[in-house]
Enquirer: 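Here's a structure for you.
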Protein chains: 2
Amino acid sequence: MTTLTRKQREVRDREAQILEVARNMLLEQGYHGLSMDRIAEALEYSKGTMYQHFSCKEEIILALVNASLTDRLVIFRKAASYPSRPRERIAAVGVGVELFVRLYPHHFKLEQVLRLSSVWEKTSPERRQFMHHCESQCVGCVSGIVRDAIAQGDLTLPEGVTPEQLVFGLWSMSFGAQTILASSTSLVDIGIGDPHRALAQNQARLLDGYGWRPLSSEFDYEALSERIAREYFAKETEQAMKLAQKANRNSA
Amino acid sequence: MTTLTRKQREVRDREAQILEVARNMLLEQGYHGLSMDRIAEALEYSKGTMYQHFSCKEEIILALVNASLTDRLVIFRKAASYPSRPRERIAAVGVGVELFVRLYPHHFKLEQVLRLSSVWEKTSPERRQFMHHCESQCVGCVSGIVRDAIAQGDLTLPEGVTPEQLVFGLWSMSFGAQTILASSTSLVDIGIGDPHRALAQNQARLLDGYGWRPLSSEFDYEALSERIAREYFAKETEQAMKLAQKANRNSA
DNA sequence: CCGTATTTTGACAAGTCGTCATTTTTCAAT
DNA sequence: ATTGAAAAATGACGACTTGTCAAAATACGG
């Protein structure tokens, strides 16, 4: 397996370096702050070499997004395998998403850039496909849980409503909230003190609205989430903690 | 009132022309397709003149967004004044948003661009403030309805849940769905045939989840929405129809 | 008709991206 | 070691940005 020549290893490492530098540039200086010249300068390579790794800067952005999306899928799969009633497995997905957001605080900013048509259109079919794969697998994880709930009699969807429609509800709410969060300075002004909590509660209420049992009033939702985070996602939670501490230290 | 010199009128008209040209450019060629040079060329003015109207292209984008946002606020206010039970007034807001989306199909694409930090940061405080004003007024409209519902006994929010939190739920879901819609080619692949309908139903279920009466099962939600669109928003609906026809003609 | 005030202009500086002919490096075969 | 062909790295270049500003064109009151 490890039959990579020194050259090949060098190339692979450099790719990682490019992504690392690009991520920081994007984070610190936004989309316009990302420039091929400056990445090359930072790594002490020429611009031409950069273009041997990525055909344009949009490809770098998509590569970054795909990297976090890969990890998100791992989290989704683990959450969907949480050995419990479907309603609790959905809660585990919610916990997973929150952990993901904490582990990749930049992800939604990048995804936002990527969704611009003039950025998206420059990306390669290969990377696009990979992204779509990750996305549809994530949707599939959740709709699988929905189907299990129906099979077990915990949930009955009305005529004409598909599991995917319900998943779309959770997805759009989560995506919307995270995007607003990532790009809005002042959510507190409007009266939302703890947006993550608000999101979790709203999602729970959406499921309640579909009559998915047990209803959020029938069990301690917060306690469950906390337990899932602490026990089932122990490793990820710890990692997120460390990252938060590091961020604190840097800002201090 | 009409004490504008010919010169002043010229200037005002030109501003409208700039926005018109810029909107089409953005729509047809995306963010990267918008260039000051090309706007100037299209209007047969020099670039310098453009910069007398807008200090940068980001300002143009925000001006466009503010224009549609102004109309959105009008729609929200009208919807909130729908003379009926709060639950139906909320439905009217939903109808209003859908009409808005149809009247300004470009709005969410532009808002998406605007939310990029590197775009937002270049805009002027005056225009930012105007946008925030529109947004908080819209949120205020909806939270007013929520408060009315509580006062009338149709809705009881649990301890620690504010009306704004519920509004955040509706907002994030709507925003998320519209953004996904505006930037995703293939929602059908995932199994969402009619996203607008799916959104409306999910929002209704969210309110059901909070126990806001009458529940969506207790009245014909679709019929109500249709009636509101046809009767209460007659003018706007007709306008949207015309726009759709025009779009069809153009694509044919 | 004149002189000032305002508006318009487009050449310019500084900065992008992506290309591609040259140069440099690598490495297997001698 | 030496060679020479293949692969990789380079950076000057063309074509594009945005935003500025001295100079030219225009407007307009007296």
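In the text below, chain A, chain B and the rest are named by the order of the sequence lines, each starting its count at 1.
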Enquirer: Could you tell me how the ring of His133(B) sits relative to the ring of Phe130(B): parallel (under 30°), tilted (30 to 60°) or perpendicular (over 60°)?
Expert: tilted
Enquirer: Quick one: is Gln52(B) getting a side-chain N or O under 4.0 Å of the dT8(C) phosphate, OP1 or OP2?
Expert: yes
Enquirer: Between Glu44(B) (CD) and dT8(C) (P), how many Å, whole number?
Expert: 15 Å
Enquirer: Starting at CD of Glu41(B) and ending at C1' of dT9(C), how long is that distance when rounded to a whole Å?
Expert: 15 Å
Enquirer: I need the minimum non-hydrogen distance between Cys56(A) and Met36(A), along with the two atoms involved.
Expert: C-CE, 4.0 Å
Enquirer: From dG10(C), dG18(C), dG19(D), pick the nucleotide closest to the side chain of Ser46(B)?
Expert: dG10(C)
Enquirer: Quick one: Ile61(A) CD1 to dC17(C) P, roughly how many Å, whole number?
Expert: 11 Å
Enquirer: dT17(D) P sits how many Å from Glu58(B) CD, rounded?
Expert: 15 Å
Enquirer: Within the pair Arg14(A) and dA9(D), is there a side-chain N or O less than 4.0 Å away from OP1 or OP2?
Expert: yes
Enquirer: Of the non-hydrogen atoms in Ile75(B) and Gly96(B), which two are nearest, and what is the gap between them?
Expert: CG2-CA, 3.5 Å
Enquirer: Does a nitrogen or oxygen in the side chain of Tyr51(B) sit under 4.0 Å from OP1 or OP2 of dG19(D)?
Expert: yes
Enquirer: When the distance from NE2 of His32(B) to C1' of dC16(D) is rounded to whole Å, what number comes out?
Expert: 12 Å
Enquirer: With under 30° as parallel and over 60° as perpendicular, where do the rings of Phe100(B) and His107(B) fit, or are they tilted in between?
Expert: perpendicular
Enquirer: Just the rounded figure in Å: distance from C1' of dT9(C) to CG of Leu43(B).
Expert: 15 Å
Enquirer: Among the nucleotides dT19(C), dG19(D), dT7(C), which one has an atom lying closest to any side-chain atom of Lys47(B)?
Expert: dG19(D)
Enquirer: By nearest heavy atom, map Asp37(A) and Gly48(A) onto DNA chain C; which one lands nearer the 5' end?
Expert: Asp37(A)
Enquirer: Atom CE of Met36(A) and atom C1' of dT10(D): how far apart are they, to the nearest Å?
Expert: 15 Å
Enquirer: What's the closest nucleotide to the side chain of Thr49(B) if the choices are dA9(D), dG18(C), dT8(C)?
Expert: dT8(C)
Enquirer: Among dT16(C), dG18(C), dG19(D), which nucleotide has an atom closest to any side-chain atom of Lys122(B)?
Expert: dG19(D)
Enquirer: Is it the case that Arg128(A) places NZ or CZ above or below the six-membered ring of Trp120(A), under 6.0 angstrom from the centre and within 45 degrees of the axis?
Expert: yes
Enquirer: Nearest-Å distance, NZ (Lys57(A)) to P (dC17(C))?
Expert: 5 Å
